[in-house]
Amino acid sequence: MNLIETSDLTKYDASNEEVYHIVKKGDSVSALAKAYGSTQVQIQKWNDLVDLNLIKVNQRLRVK
């Protein structure tokens, strides 16, 4: 563990940081999932979306 900390190897860990996207005209959940390496189902759950086709411009969505 000391080697990991002294060598700052944690920077290579997968990030658990949440990422948000502000919807722009032409965005779709499928395109956002692909762009951010997520899935449509994950984005739907994170944002409590009932219909993936009903996102709105300027809506803030968690995408990762």
> Are Ile43 and Val19 connected in the hydrophobic side-chain network, where two residues link if heavy atoms are under 4.5 Å apart?
Replying inline: yes

>> To the nearest 0.5 Å, what is the distance between CZ on Arg62 and CG on Asn47?
In response: 8.5 Å

> About how many Å separate OH of Tyr20 and NZ of Lys64, when rounded to the nearest 0.5 Å?
Replying inline: 14.0 Å

>> Rounded at 0.5 Å granularity, tell me how far NZ in Lys25 sits from CG in Asn58.
In response: 12.5 Å

>> Tell me every residue that passes side-chain contact (heavy atoms from CB on, under 4.5 Å) with Gln44, counting only those two or more places apart in sequence or in another chain.
In response: Leu49, Leu52

> Sequence neighbours excluded, which residues qualify as side-chain contact (heavy atoms from CB on, under 4.5 Å) partners of Asp51?
Replying inline: Asn53, Leu54

> How far does CG of Asp27 sit from CG of Leu61, to the nearest 0.5 angstrom?
Replying inline: 8.5 Å

Output a table of donor-acceptor pairs, distance under 3.5 Å, between side-chain atoms of residues 32-39 and any protein atom two or more places apart or on a different chain; print 'none' if there are none.
residue	atom	partner	partner atom	Å
Tyr36	OH	His21	ND1	2.9
Ser38	OG	Val63	O	2.3
Thr39	OG1	Gln42	N	3.0
Thr39	OG1	Gln42	OE1	3.4

> Where is the tightest heavy-atom contact between Ile22 and Arg60, given as atom of each residue plus distance?
Replying inline: CD1-CB, 3.7 Å

